[in-house]
Amino acid sequence: MIEKTVSEAINFRRSVRVYDIEKPIDTERVKKCIEQATLAPTSSNLQLWEFYHVHTKHLLKEVAQVCYNQPAAKTAQELVIPVVRLDLWQQRIAANVDFIKSANVGKDENKIKGALEYYQKIIPQLYRGTQKIKGFVHSLKSNWNGRKKVTYREVKASDLRVVGHKSTALAAQNFMVSMAAIGYDTCPMEGFDSVRLKALLKLPKSAEVSMVIGCGIRKPEGVYGKRFRVPFEEVYFKV
Ligand SMILES: Cc1cc2nc3c(=O)[nH]c(=O)nc-3n(C[C@H](O)[C@H](O)[C@H](O)COP(=O)(O)O)c2cc1C
């Protein structure tokens, strides 16, 4: 089957709330789209995300329940749940450092010095801010320094949560566009009980669910009306 172009896939994608149970989707193809999700750009390439692919009837039913049984969850053939894992920052730094070293074996060490310093000094200092007090102190310092020079300000624990969610949401969009490219439908949902959902997925307390994505093949009535966007001129500023 020929895949859609990026523009075709973006236009095909709608939030589909009712899926056709007569038209199954292929779990392996959905998994492939999750792999494409992981090719999304991510802040400092830390990849502080995980993807839970719910495919068994039993778990689908349980997850739908904690999504208030909203139609996009209840009728979904499968559910994909991107999760933010800020707590994995040390492991991800180590993975980046290993990669940089192995990709540069035999090369001039000075060439990778900057990259190593970034992952071994700057990024750890930033991510220690995921501990609330350290983040708060760091933000005081950064605002003080910012009086005189260009300074990165988003260093509090709450800022880092946004950083994690930004990158994970980009991966989610990669996933949905990849699904659209093969004619599979999706619906992102933030209407769920995060505490119950985390318990179902056996996630640690520090993990945060970005969204739950319903997957399947649309029923015509599953698209709730024409697409609405505010006029482009209201959101576009050529500066
Ligand atoms: C982060 C996020 C959360 C959403 N949560 C829900 C939801 O809980 N239930 C739902 O039916 N749709 C949800 N939506 C879908 C939006 O309502 C939908 O994207 C919007 O109305 C535009 O329609 P379109 O996606 O068909 O272009 C969500 C979308 C996003 C991006």
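Just follow the structure's listing: the first ligand is 1, and inside any ligand the first atom is 1. Computed from a predicted model, the values in this text were never measured in an experiment.
Annotation for Leu46: hydrophobic cluster partners, listed by chain and number, are Leu48, Val84, Leu86, Leu88, Trp89, Ile93, Val97, Ile100, Ile112, Leu116, Tyr118, Tyr119, Ile122, Ile123, Leu126, Tyr127, Tyr152, Val155, Leu160, Val163 (ILVMFWY side-chain heavy atoms under 4.5 Å, direct or chained). Through chains of ILVMFWY side-chain contacts below 4.5 Å, Val223 is grouped with Val16, Tyr19.
The residue Ala169 has no part lying near ligand 1, judged by heavy-atom distances below 4.0 Å.
Less than 4.0 angstrom separates some heavy atom of Met189 from each of these atoms of ligand 1: 4 (C), 5 (N), 6 (C), 7 (C), 8 (O), 9 (N). Shown in contact with Arg13 at under 4.0 Å from a heavy atom are these atoms of ligand 1, numbered in order with element: 24 (P), 25 (O), 27 (O). Atoms of ligand 1 lying under 4.0 Å from at least one heavy atom of Arg14, given by number and element, are 24 (P), 26 (O), 27 (O). Close approach of ligand 1 to Arg227 is summarised as follows: ligand atoms under 4.0 Å from at least one heavy atom of the residue are 27 (O).
Separation of atoms CD (Gln70) and CZ (Arg17) is listed at 8.0 Å; rounding is to 0.5 Å.
Salt-bridge annotation for Asp98 and Lys101: absent, with no side-chain N of the basic residue lying under 4.0 Å from a carboxylate O of the acidic one. Taking 4.0 Å as the cut-off between side-chain N and carboxylate O, Arg29 and Asp26 do not count as a salt-bridged pair.
Protein heavy atom in closest approach to atom 9 (N) of ligand 1: Gln70 OE1, 2.8 Å. Of the protein's non-hydrogen atoms, Arg17 NH2, 4.2 Å is the one closest to atom 21 (O) of ligand 1. Of the protein's heavy atoms, Glu190 N, 3.0 Å lies nearest to atom 5 (N) of ligand 1. Annotation: atom 22 (C) of ligand 1 to nearest protein heavy atom, Arg229 NH1, 3.6 Å. Scanning the protein heavy atoms around atom 8 (O) of ligand 1, the nearest turns out to be Gly191 N, 3.0 Å.
The backbone N or O of Thr42 lies less than 3.5 Å from no partner atom in the side chain of Ser167, so there is not a single donor-acceptor pair. Between the side chain of Lys198 and the main chain of Ala207, a donor-acceptor pair closer than 3.5 Å is present.
Of the options Ser15, Ala73, Pro188, the smallest heavy-atom separation from atom 28 (C) of ligand 1 is shown by Pro188.
Proximity of Met211 to ligand 1 is not established, as no heavy-atom distance is less than 4.0 Å.
Between Phe51 and Trp49, the angle of the ring planes lies from 30° to 60°, which puts this pair in the tilted group.
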